[in-house]
Amino acid sequence: LQGIIQAYKSGVTLQGNTTSLGRWDFSGSFFFSISAITTIGYGNLSPSTVAGRIFCIFFALFGIPLNLVLLNEIGQLMLLGVQHCAHRLEKVFRWQKKASLLIKTCALVTGLLLFLLLPPLLFSDKEGWSYEEGFYYSFITLSTIGFGDYVIGMNPDRTYPRWYKNVISLWILFGMAWLALVIKFCINFLE
């Protein structure tokens, strides 16, 4: 049993060698890096050597704070875009509070579409998941819970395009920034 577990951790399954799934090619490594610095940690990949573990510790020590700075900057840019649109509407239509509310609502709906409602369609196509499973994966990932029960690009029976993990990695970064803004608005509203 220990041999089977070790083989599985190395990428070998009963269905064949899963290294063809791109665990450690550029896309797989990029996806691992994103899941580490965003603290999602699905639990399906981990360093197996002492040197790899030590590197991962230092990578996370520097990567997590830098990622927080990046997410904050992305969130601020999104917020500036929303505020810019609200100011333009205020000038054009002479609306004060209506413009701000309208733009915030549009930003919320657009974010819901881009980060929570449309990605499950891609996951349904590429992973074979139901829409509900894809939605669950989207929320669990963007909220950084990352249980690991659903992870993209790991089915040995499927062929994934090269761009897939890279696009999902970028979706994670922008989606986390958007979700942080939504949570910030909720906190401000509750306070």
Side-chain angles (χ1 to χ4, degrees), residues 2-75 77-78 111 114-116 118-129 133-180:
Q2 290 294 338
I4 293 171
I5 292 170
Q6 187 58 39
Y8 176 76
K9 287 181 177 180
S10 299
V12 178
T13 67
L14 294 175
Q15 298 168 335
N17 188 339
T18 60
T19 55
S20 63
L21 293 175
R23 283 186 174 203
W24 296 115
D25 61 3
F26 178 79
S27 294
S29 300
F30 185 61
F31 186 73
F32 172 79
S33 300
I34 294 297
S35 67
I37 64 171
T38 57
T39 69
I40 295 171
Y42 293 111
N44 66 318
L45 290 177
S46 60
S48 58
T49 64
V50 172
R53 290 177 184 136
I54 290 170
F55 175 79
C56 197
I57 290 168
F58 284 105
F59 179 75
L61 278 173
F62 291 101
I64 292 170
L66 286 174
N67 181 57
L68 291 173
V69 169
L70 175 67
L71 289 177
N72 186 45
E73 289 298 316
I74 291 172
L77 285 173
M78 289 176 172
L114 288 176
F115 301 117
L116 289 176
L118 292 178
L121 297 174
L122 177 66
F123 302 138
S124 294
D125 179 55
K126 299 298 178 203
E127 301 293 340
W129 299 339
E133 290 169 322
F135 183 81
Y136 167 79
Y137 170 79
S138 296
F139 182 79
I140 293 301
T141 295
L142 296 183
S143 63
T144 72
I145 295 170
F147 288 125
D149 49 351
Y150 290 89
V151 181
I152 60 132
M154 299 308 293
N155 187 341
D157 297 329
R158 293 199 169 258
T159 302
Y160 298 100
R162 289 180 169 239
W163 55 264
Y164 184 55
K165 284 186 179 179
N166 294 335
V167 167
I168 299 306
S169 297
L170 293 174
W171 165 77
I172 288 172
L173 288 175
F174 284 93
M176 284 178 65
W178 172 80
L179 192 58

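- Counting only distance, with no hydrogens or angles, the side chain of S29 and the backbone of F26 share no donor-acceptor pair below 3.5 Å.
- Between Y160 and N155 the shortest side-chain heavy-atom distance falls below 4.5 Å.
- Pairing each heavy atom of A177 with each of I74, the nearest pair is CB-CG2, 3.5 Å.
- Scanning all heavy atoms of the two residues, the minimum distance from E127 to R158 falls at O-NE, 3.1 Å.
- Annotation: side chain of N67 is in contact with side chain of L173 (closest heavy-atom distance under 4.5 Å).
- Interatomic distance, CG of L116 versus CZ of F139, reported as 7.5 Å (0.5 Å rounding).
- The side-chain contact (heavy atoms from CB on, under 4.5 Å) search around F147 returns Y136, I140, I145, D149, not counting sequence neighbours.
- Using a 4.5 Å heavy-atom cutoff, the side chains of M78 and W178 are in contact.
- The side-chain heavy atoms of L45 and F31, taken from C-beta on, include no pair separated by under 4.5 Å.
- With rounding to the nearest 0.5 Å, the separation of CD1 in I40 from OG1 in T144 is 6.5 Å.
- How far NZ of K165 is from NZ of K126: 14.0 Å, rounded to the nearest 0.5 Å.
- Nearest heavy atom pair, residue F59 against residue A36, reads CE2-CB, 4.4 Å.
- Scanning all heavy atoms of the two residues, the minimum distance from M176 to L142 falls at CG-O, 3.5 Å.
- Residues meeting the side chain to side chain donor-acceptor pair (under 3.5 Å) test with Y42, sequence neighbours left out: Y137, T141.
- Side-chain contact between I172 and I168 is present, with heavy atoms from C-beta onward closer than 4.5 Å.
- Under the 4.5 Å side-chain criterion, counting only non-hydrogen atoms from C-beta, W171 is in contact with P119.
- Of all non-hydrogen atoms in S169 and I34, the two that sit nearest each other are CB-CG1, 3.7 Å.
- N166 CG to L170 CG: the interatomic distance, rounded to the nearest 0.5 Å, is 7.0 Å.
- Considering every non-hydrogen atom in both R162 and S27, the closest pair reads O-OG, 3.2 Å.
- How far CG of L121 is from CZ of F123: 10.0 Å, rounded to the nearest 0.5 Å.
- With values rounded to the nearest 0.5 angstrom, W129 atom CH2 is found 7.5 Å from I152 atom CD1.
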